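Keep in mind that what you see is a predicted model, and the values were worked out from it rather than measured. Computation of the quantities below employed the complete heavy-atom set of this structure, encompassing side-chain atoms and omitting hydrogens, waters and symmetry-equivalent molecules. Residue numbering restarts at 1 for every chain, and letters A, B, ... go by the order of the sequence lines.
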Amino acid sequence: MTEPAITPELVAKHNLTPEEYAHAVEILGRTPSYTELGIFSVMWSEHCSYKNTKPLLKTFPTQSPKILVGAGEENAGIIDIGDGIAIAFKIESHNHPSAVEPFQGATTGVGGIVRDIFTMGARPVCAVNSLRFGPICSGGLRPPTDGEERRSQSAATEAEEEAQLKNNRRLFAGVVSGIAHYGNCFGIPTVAGEVYFDKTYQGNPLVNAFCLGVLRHDQITRGAAKGVGNPVFYVGPATGRDGLAGAAFASQDLTEESAEQQRGAVQVGDPFMEKLVCEACLELLATGCVAGMQDMGAAGLTCSTCEMAARAGTGIEIELDKVPQRAPNMSSYEIMLSESQERMLIVVHKGREEEVKRIFDKWDLPWSEIGIITDTGHMKVRHGGKLVVDIPARKIADESPVYQRDAVEPAYLKDVQAFRLNGIADTTTPAEDLKKLLAWPSIASKNWVYRQYDHQVRDGSVVLPGSDAAVIRIKTDSLPVMSAELAAKVGDPTVSEKLIAMTVDCNGGYVYLDPYEGAKIAVAEACRNLACSGALPLGATDNLNMPSPLKPELFWQIKESVRGLAEGCKAFNAPVTGGNCSLYNQSPAGPIDPTPTISVVGLIEKREHVTTQWFKDEGDAILLLGDAVESTPLQGLGGSAYLQVVHGQKNGSPPRCDLEVAKTLHTTLIGLIQSGLVKSAHDCSEGGLAVALAESCISQLIARETPRLIGATVDLSSVAAVCDRRENSLDANGGHRPPLQVRLDALLFGETQSRIVISCKPLDAVKVVERAKLMGVPAVQIGHVGGTTLTVKTATGEFSAPLTELHDAWWNSIARAMA
Amino acid sequence: MNFSVLQFPASNCDQDAVHAVRLLGHSARLVWHKDASLGDTDAVIVPGGFSYGDYLRCGAIARFSPVMQAVKQFADNGGLVLGICNGFQVLTEAGLLPGALIRNRDLQFHCENVFLKTATHDSPFTSRIPAEKILRVPIAHGEGCYFADTETLAKLKANHQILWQYCDQGGNLTDAANPNGAVQNIAGICNEKRNVAGLMPHPERACESLLGSDDGKWIFESIFAALKNKTVAARA
């Protein structure tokens with residue numbers, strides 16, 4: 001087979017700059033072969049090397065005494081949860097493939113992250129996802145905030161708009177069914193997630209998949225090619241031409257042309273195969289014969305061999321003729337770069353090869369001994385008797401280029417910061433506005449989505465999707481099978497029950513309007529969700545979904561987002577244990593809103609502390625923790641759902657996020673929960689206090705077609721007084737601030753941070769208020785639970801909405817859009 | 001009592017079934033799909049999951065597995081067999097239960113709690129369910145729409161083989177309460193000999209209040225009681 005000559009054009013086609021190519025030549029001391037060029041291309045793509053984001057990622061807090069495997073060390077981070085048990089978790093994106101082929105893009109996104117978890121030796125026990133699409137109904141469309149950068153709606157005709165909506169719905173439905181197909185068949189409960197719809201994601205949806213696994217400390221498996229002379233096994237399905245150079249595809253702008261050309265770069269997922277590979281690998285690990293293991297994810301055989309050798313400081317030699325192949329006449333380039341799914345690379349202690357054969361035969365899985373660990377430090381690949389690759393493994397893995405990109409504050413932010421509410425009339429129809437907000441797909445119930453995911457398999461789902469955070473129970477059979485040696489050491493294998501809470505959050509609109517503040521809010525909201533479920537954070541995993549780093553204005557967004565995430569994670573003691581960067585999320589229509597999704601995982605001490613968001617019993621007191629309205633000109637309405645839905649504007653500085661205030665609020669709430677005083681807790685986020693109250697009334701689901709609706713009567717006129725109290729205090733210069741004229745829309749729908757609606761027994765209300773105030777958290781009883789309506793009294797009047805109407809708007813909105 | 005829980009390569013509720021049986025005080029173990037014998041066993045559970053990936057038709061391949069030949073024999077000898085979800089599909093494919101399970105009428109996978117009305121207490125799978133008790137149990141399936149021709153349905157009714165039907169909170173067999181379009185809201189049935197039963201809902205996911213419902217335990221308690229009676233009868 002003749003290989004193409006290496007020309008500058010070919011180099012450029014591989015997304016390598018002339019400087020990067022020169023460095024590759026320097027590392028090799030010669031011109032690379034075609035296969036080697038392909039290897040450098042994928043290894044130095046953003047997806048594998050983080051070349052544009054590495055300096056930023058170093059600013060994340062990554063340490064805590066509980067961290068057993070830290071960020072960047074392995075395929076996923078691992079955190080101690082006590083009693084010798086640990087959790088492994090990570091989030092990863094599959095944005096570009098999902099834009100091209102939503103179903104397969106999403107399936108392989110789930111498959112990839114599940115593999116990352118069992119590669120660590122952990123049994124995957126739950127999945128979470130974070131999704132973004134263009135609007136699915138016309139109510140979701142709104143004018144852009146500035147000219148060129150943002151997409152221009154004015155030119156689009158109605159027919160075009162309808163075609164776009166239809167395409168957005170196709171992508172949404174495809175991604176959801178892809179996640180469902182893979183997760184359901186594999187047998188992992190998909191317990192939580194978030195879905196936002198915004199024009200910025202039109203044509204460039206975001207699909208972030210998270211997986212969490214459980215293992216004993218002694219079961220941690222490393223992806224290192226240890227032990228010179230040890231054999232290297234390939235296990236899993238045969239290699240085909242699918243997914244050729246997917247990592248490189250993910251690391252460039254998405255255009256019509258690239259999408260069409262790269263359709264072959266989308267891999268095809270097979271959850272049945274994944275299930276077999278997972279079970280077989282866990283069974284194999286229990287034999288103690290494995291020296292190192294790594295999945296073949298992005299950049300397939302290339303990345304797994306390079307990284308394993310680099311981590312161990314060894315060399316690796318493989319024979320491509322021994323790699324199981326699905327298609328005839330595959331070139332070495334194709335075999336090395338294929339991203340066929342569900343494949344693993346396993347290094348086995350010499351002399352124990354039979355165990356691999358026995359177990360993989362039992363599971364009817366293909367396996368092949370393809371190579372050996374050497375002491376040369378080189379990755380050598382032979383094909384058809386010829387040496388086709390000879391690269392120093394550590395150099396290619398560790399000496400990837402690193403770029404300090406220029407960052408310039410984008411001009412649009414001036415307008416955003418200057419935005420004021422003058423000219424925006426206060427609401428006169430609060431009940432109508434509330435219904436509109438509840439029906440807005442980004443706020444509406446996501447039951448149409450999560451009902452398609454098996455969220456109860458494995459008998460561990462304690463709080464199902466639909467509350468602030470999901471809670472799972474870890475029990476003895478959640479853990480992987482132990483080796484005989486470990487079993488002897490452990491003795492009684494029974495583990496005491498552990499309760500893990502998790503959530504994923506990010507309001508990309510906030511981040512667009514203020515990347516630093518918006519990213520802080522993402523972390524604060526995630527931690528607030530955990531607090532509402534009774535959990536303290538253990539750690540976090542982030543997914544930076546960003547536009548191109550090559551434009552200084554866009555790189556500024558990335559940089560500021562990372563600064564916000566880092567500060568947030570520090571404040572809440574939620575070290576980042578790993579994550580993923582997805583850059584170049586922009587289509588010809590423009591860049592996406594910077595969307596640094598963050599998933600935070602927490603621990604709940606006892607069963608009794610598990611708390612849900614819905615009101616429980618008639619007569620219970622309803623309390624608001626936190627300041628009702630922030631004292632800024634926008635009163636928490638900047639970037640709010642209300643401004644978007646009711647006034648058609650996505651503008652203004654988002655609410656301020658004071659991390660100290662947030663932290664105090666969360667610890668206070670957890671203290672109250674642990675004292676047994678809290679019957680429900682729900683955080684205020686999109687749609688503000690009114691939406692939080694409504695959701696507390698309507699979000700409990702007993703069974704199919706059987707919601708439990710429980711009303712509330714709330715008086716917020718006293719809350720306005722709380723705001724006045726704040727305003728009467730002296731300002732920084734010792735002068736009196738002008739009293740804040742709290743707008744009704746800001747009170748009801750403003751998105752002021754650090755607020756939580758809780759309910760408790762009426763007799764406990766005074767105690768709760770006192771204890772919260774003692775901790776420095778503003779707290780006030782605002783009403784009581786009961787009735788069949790949500791009735792809200794304010795200084796300017798009263799409105800009331802039947803729960804059946806609110807529930808219908810909220811529960812059925814997405815199903816209606818998708819019908 | 002000793003339960004055998006079958007383990008096909010892509011069974012994924014196998015551990016859950018074992019967990020539920022053990023939680024309720026009995027013993028259970030997994031039996032690999034390539035095993036031609038069940039060993040010493042009092043009852044068999046064919047668990048939920050995707051057996052062999054089920055890319056063809058749910059349960060269509062599983063019926064040919066060695067272990068299913070052993071299950072057929074066990075059932076022919078009067079042994080108690082319960083198929084849950086995919087297990088129900090496997091049992092219909094294997095001819096141990098009449099009818100078929102087809103795609104849900106809205107073509108979507110459904111995971112949600114449903115209410116079940118027990119149509120007859122005269123079976124080893126329902127005898128202990130309290131009278132008038134409406135069970136709240138989760139479902140999780142894409143192909144759970146029970147279908148049978150008119151003749152078979154008439155037979156099922158005449159022999160009281162319909163065990164559970166989807167209903168609303170008040171026990172009414174409404175269309176809205178039917179998650180998948182199953183004929184006559186059928187959620188589970190048994191064979192004519194009443195020793196083999198299948199249902200789409202997952203009782204093993206509803207045996208602990210921590211998980212939201214413990215109504216599923218009544219189905220297991222019924223089986224335990226039937227096995228106990230059998231043992232007593234055998235001793236006598």
Chain A contacts, top residue of [options] (heavy-atom pairs, under 4.5 Å):
| options | value |
| --- | --- |
| B:Gln169, B:Arg136, B:Gln108 | B:Gln108 |
| B:Ala10, B:Gly48, B:Ala176, B:Gly142 | B:Ala176 |
| B:Gly49, B:Cys13, B:Pro138 | B:Pro138 |
| B:Phe115, B:Tyr166, B:Trp32, B:Tyr52 | B:Trp32 |
| B:Ala20, B:Ser11, B:Ser213, B:Pro179 | B:Pro179 |

Closest contact, heavy atoms only, B:Gly53 versus A:Cys185: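 In this case the closest contact between B:Gly53 and A:Cys185 is O-SG, 4.2 Å.
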Looking only at heavy atoms, which two atoms of B:Ser51 and A:Phe272 are closest? And how far apart?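 Shortest heavy-atom contact: O-CE1, 3.8 Å.
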Residue part contacting chain A, namely of [X], when any heavy atom lies under 4.5 Å:
| X | value |
| --- | --- |
| B:Ala206 | neither |
| B:Asn104 | neither |
| B:Asp106 | side chain |

Could you check whether B:Arg22 pairs with A:Asp477 (Lys NZ or Arg NE/NH1/NH2 to Asp/Glu carboxylate O, under 4.0 Å)?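 Salt bridge between B:Arg22 and A:Asp477, a charged N being under 4.0 Å from a carboxylate O: no.
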Can A:Asp459 and B:Gln15 be said to form a side chain to side chain contact (heavy atoms under 4.5 Å, CB included), step by step? CA-CA 9 Å; A:Asp459 264 3; B:Gln15 278 191 348; over 6 Å; no
Between [Y] and [X], is there a side-chain heavy-atom distance shorter than 4.5 Å?
| X | Y | answer |
| --- | --- | --- |
| B:Phe50 | A:Asn184 | yes |
| B:Arg205 | A:Val457 | yes |
| B:Asp168 | A:Glu705 | no |
| A:Arg704 | B:Asn113 | no |
| B:Leu210 | A:Glu497 | yes |

Taking atom CZ of B:Arg57 as the centre, does the number of heavy atoms from other residues, nucleotides or ligands within less than 6.0 Å exceed 12? no
What do you reckon, is CZ of A:Arg169 surrounded by more than 12 foreign heavy atoms closer than 6.0 Å? yes
At a heavy-atom distance under 4.5 Å, which candidate from [options] has the highest pair count against chain B?
| options | answer |
| --- | --- |
| A:Val462, A:Asn447, A:Leu276, A:Val610 | A:Val462 |
| A:Gly187, A:Ser461, A:Ala703 | A:Ala703 |
| A:Asp364, A:Ile188, A:Leu701 | A:Asp364 |
| A:Lys362, A:Arg451, A:Arg473, A:Glu279 | A:Arg451 |
| A:Leu464, A:Asp270, A:Val471 | A:Asp270 |

In terms of ring plane angle, is the pair A:His181 and B:Tyr55 parallel, tilted or perpendicular, where the classes change at 30° and 60°? tilted
Rounding to 0.5 Å, atoms NE2 (B:His110) and OH (A:Tyr453) come to a distance of 14.5 Å
Which region of A:Thr706, side chain (C-beta onward) or backbone (N, CA, C, O), has a non-hydrogen atom less than 4.5 Å from a non-hydrogen atom of chain B, or is it both or neither? side chain
Portion of A:Ile702 that has a non-hydrogen atom of chain B nearer than 4.5 angstrom: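 Both backbone and side chain of A:Ile702 come within 4.5 Å of chain B.
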Is it the case that the side chain of B:Asp16 and the backbone of A:Arg458 share a donor-acceptor pair, with hydrogens and angles ignored and the cut-off at 3.5 Å?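 Checked: pair present.
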Does A:Gln456 form a side chain to side chain contact (heavy atoms under 4.5 Å, CB included) with B:His202? I'd like the steps, not just the answer. CA-CA 10 Å; A:Gln456 291 177 285; B:His202 286 273; over 6 Å; no
